[in-house]
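Notes to accompany the following structure.
Along the sequence shown, residues are numbered consecutively beginning with 1.
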Amino acid sequence: MTETALVWFRRDLRVHDNPTLRQATAENDCVVPLYTFDTRQFGQSSRWIDERRVGTLRAQFVRESVRDLRERLNDRGGSLLVRRGDPRSVLPEAAESVDADVVHAQRLPVPEERETEAAVGDALDSRGIDLATHWTHTLHAIEDLPMAVENVQDTFTPWKDSVEANSQVRDPLGPPASVPTPDLEGTPIPTLAELGDDEPDQPADDSPMPVSGGESAALERLQTYIFERDRLREYRETRNGLLGMDFSSKFSPWLAQGCLSPRRVKQAVDRYESERVANDSTYWLLFELRWRDFFQFQFAKHGEAYFRSGGIQSREVAWNRDETAFRRWTDGETGFPFVDAAMRELRATGYQSNRARQNAASFLANTLRIDWRWGAAYYESRLLDYDVASNYGNWAYVAGVGTDSRDRAFDVLWQAHNYDPDAEYVRRWVPELSKLPPRYAHEPWRMDIDEQARYGVELGVDYPEPMVDPTAHFEGPSS
Ligand SMILES: Cc1cc2nc3c(=O)[nH]c(=O)nc-3n(C[C@H](O)[C@H](O)[C@H](O)COP(=O)(O)OP(=O)(O)OC[C@H]3O[C@@H](n4cnc5c(N)ncnc54)[C@H](O)[C@@H]3O)c2cc1C
């Protein structure tokens, strides 16, 4: 008897190290891959703010990733069905139409995806079709954790220590040799307009984040960053950089859509360590991937509690909900150049370095005391690498309602001078300040009237006055 499996691709848009696809091809004579653009996300508004859940840059990245997946399946004799709609109805209908015996799918830890999976499972069950799910997106498999998910520690270091001592990372799987898909009518990938993106944002022409979606580009970047440009050697020293492609790996957009498997990254790091050098930097990339894992397991443990204003700690905080102030932050018009540079970069490129994210997030949540979920929702819309657990987990952490309740308020002025000593980052993204010396580029309010005239920057006209009193919130550099 010929068995048919439908493979429901979710955030695992790759053929390498994809246990879902491998099991389906190993156990079935016929495999039908499917991707659905979920119309409860594409084209929909956030539940907290007036922003699309999926902004243009990420929508485009996902389209490219799906196109590349289709090509890589084609190379193995397979094809990809593409649908647009609600997976809760699309999946059961598609499975029935191809006479599937089983649906294989990735298992995800966040509430919305879990509910979708449960609803799809019920609908399939009523049609006599099985649903088999696979946890495939973390470095450490959920089955290999030294603790049950409900016992995952709420602070990173003890969890990481335990995992490093007691859990092995499995070797990545290769792609299946072939994907035996029956002749199916190809369906085009929806356009941005069909995905509800009527007014696409314009990416910066000279975006320093020129990444395209898909497994092919991800594997190329892995090779380029680690081996060709040899950047892993100094990753720990450079990772707090702000400008350019190579101060950090930039793997995040591909990891978020599953175009790249973290185990495949570890395999490359292992090879680099045996062929070139093993040092703090090579360890540190895996350390950061464990941060990523940590938030995935945190969400598996706490679920919806992560979206409460008081977070998993249920902290009582009287968050401010001032929309005008919030928009000054999103628009990069706070009057604090380091924060404004970060917000303008995000809008233009879909990316911010980790350092820029921490500062911009802290400014919103700790300085302005605006509901951190508004900020997280804005990042959800704009980030190329948006991932539910990494985004809301990091935001909650910075806002002091997540895995660590310590005060995480950043001294944005100190950070600006320390990490951007020549104000290159500020000058790149806030061009109206480009002629100022670094001290004034970071603190333009220090200029007197004569200096404003000399540099051609009138405060309150050419660049905003600071929206809060700098001296009341920040100490800045000591000198
Ligand atoms: C407020 C805020 C929101 C964030 N939102 C996201 C998000 O939606 N998606 C996302 O992938 N990362 C998020 N991060 C984490 C981090 O900023 C990015 O992963 C990183 O900047 C991506 O650049 P990179 O790939 O060059 O990172 P690298 O420094 O090269 O790190 C390698 C990989 O490790 C992982 N990683 C590194 N730092 C973290 C971290 N703090 N938490 C989780 N994973 C990490 C990422 O997968 C990253 O690609 C957020 C951080 C903050 C402070």
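A salt bridge between Arg10 and Asp12 is absent, with no side-chain N of the basic residue lying under 4.0 Å from a carboxylate O of the acidic one. Between Arg107 and Glu117 there is no salt bridge, since none of the side-chain N atoms of the basic residue sits less than 4.0 Å from a carboxylate O of the acidic one.
For Tyr225 and Phe251, the gap between ring centers is short of 6.0 Å. You'll find the ring centres of Tyr235 and Trp284 outside the 6.0 Å limit. In summary, the aromatic rings of Trp329 and Phe363 are positioned with their centroids too far apart to meet the 6.0 Å limit.
In this view, Phe295 and Trp291 satisfy the ring pair (Phe, Tyr, Trp, His ring centres under 6.0 Å) rule, not counting sequence neighbours. Partners of Thr116 under the side-chain hydrogen bond (donor to acceptor under 3.5 Å, both in side chains) rule, at least two apart in sequence or in another chain, are Arg40. Every residue two or more places apart in sequence or in another chain that forms a side chain to side chain contact (heavy atoms under 4.5 Å, CB included) with Pro190 is listed here: Phe37, Val82, Arg84, Glu194, Leu195. The salt bridge (Lys or Arg N to Asp or Glu O under 4.0 Å) test applied to Asp122 returns no partner, not counting sequence neighbours.
Both the sub-6.0 Å distance and the 45° axial angle are not jointly satisfied by Arg290 relative to the ring of Phe156. Phe338 does not carry Arg355 over the face of its six-membered ring by the limits of under 6.0 Å from the centre and within 45° of the normal.
When all heavy atoms of Glu150 and Lys301 are compared, the closest pair comes out as O-CE, 3.4 Å. Closest non-hydrogen pair, Pro180 versus Thr25, comes out as CD-CG2, 4.4 Å. Here the closest heavy-atom approach between residue Arg11 and residue Gln106 is recorded as N-OE1, 2.9 Å. In this structure, Val339 and Ala360 approach most closely via the heavy-atom pair CG1-CA, 4.5 Å. Nearest heavy atoms, Val31 versus Thr181: O-OG1, 3.0 Å.
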Please test Tyr379 against Glu51 for side chain to side chain donor-acceptor pair (under 3.5 Å), starting from the C-alpha separation and ending with a verdict. CA-CA 10 Å; Tyr379 275 38; Glu51 290 284 339; over 6 Å; no
Could you walk me through whether Thr4 and Asp99 pass the side chain to side chain donor-acceptor pair (under 3.5 Å) test, one step at a time? CA-CA 7 Å; Thr4 299; Asp99 268 337; over 6 Å; no
After noting the C-alpha distance and the side-chain angles of Arg83 and Glu93, does the key distance pass the side-chain contact (heavy atoms from CB on, under 4.5 Å) rule? CA-CA 11 Å; Arg83 295 281 185 269; Glu93 281 162 24; over 6 Å; no
For Phe9 and Leu81, what are the C-alpha separation, side-chain angles and deciding distance, and is it a side-chain contact (heavy atoms from CB on, under 4.5 Å)? CA-CA 10 Å; Phe9 280 92; Leu81 290 181; over 6 Å; no
If you apply the rule side chain to side chain donor-acceptor pair (under 3.5 Å), what do you find for Lys250 with Ser248, and how did you get there? CA-CA 6 Å; Lys250 308 295 191 295; Ser248 66; 3.3 Å; yes
Verify side chain to side chain donor-acceptor pair (under 3.5 Å) between Gln267 and Asp171, making sure each step is shown before the conclusion. CA-CA 7 Å; Gln267 186 184 51; Asp171 288 335; over 6 Å; no
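Within the 4.5 Å cutoff, the side chain of Gln296 has heavy atoms near those of the Asp387 side chain. At least one side-chain heavy atom of Leu232 sits less than 4.5 Å from a side-chain heavy atom of Val269. For the pair Asp68 and Glu71, the minimum side-chain heavy-atom distance is below 4.5 Å. Under the 4.5 Å side-chain criterion, counting only non-hydrogen atoms from C-beta, Met343 is in contact with Tyr378. In this structure the side chain of Ser65 never reaches within 4.5 angstrom of the side chain of Glu215, judged on heavy atoms. Two residues are said to be in side-chain contact when any heavy atoms from C-beta on lie closer than 4.5 Å; Asp331 and Asp340 fail this criterion. Residues Phe297 and Pro109 are not in side-chain contact: their nearest non-hydrogen atoms beyond the backbone lie 4.5 Å or more apart. Arg328 places none of its side-chain heavy atoms less than 4.5 Å from the side chain of Phe326.
Donor-acceptor pairing under 3.5 Å is lacking for the side chains of Arg292 and Ser390. Judged purely by distance below 3.5 Å, without hydrogens or angles, the side chains of Asp144 and Ser167 never pair a donor atom with an acceptor atom.
Within a 6.0 Å radius of CZ in Arg229, no more than 12 heavy atoms belonging to other residues, nucleotides or ligands are found. Summarising the local packing, CG of Asn151 is surrounded by more than 12 heavy atoms from other residues, nucleotides or ligands at distances under 6.0 Å. More than 12 heavy atoms of other shown residues, nucleotides or ligands fall within 6.0 angstrom of atom CD in Glu27. Summarising the local packing, CD of Glu228 is surrounded by more than 12 heavy atoms from other residues, nucleotides or ligands at distances under 6.0 Å.
Residue pairs satisfying the ring pair (Phe, Tyr, Trp, His ring centres under 6.0 Å) criterion with at least one member in residues 98-123, sequence neighbours excluded, are listed as follows: His104-His134. Under the ring pair (Phe, Tyr, Trp, His ring centres under 6.0 Å) criterion, no residue pair touches residues 11-31, with sequence neighbours excluded.
Evaluated for a ring pair (Phe, Tyr, Trp, His ring centres under 6.0 Å) with Tyr306, the options Tyr392, Trp372, Trp395, Phe299 yield exactly one hit, Phe299.
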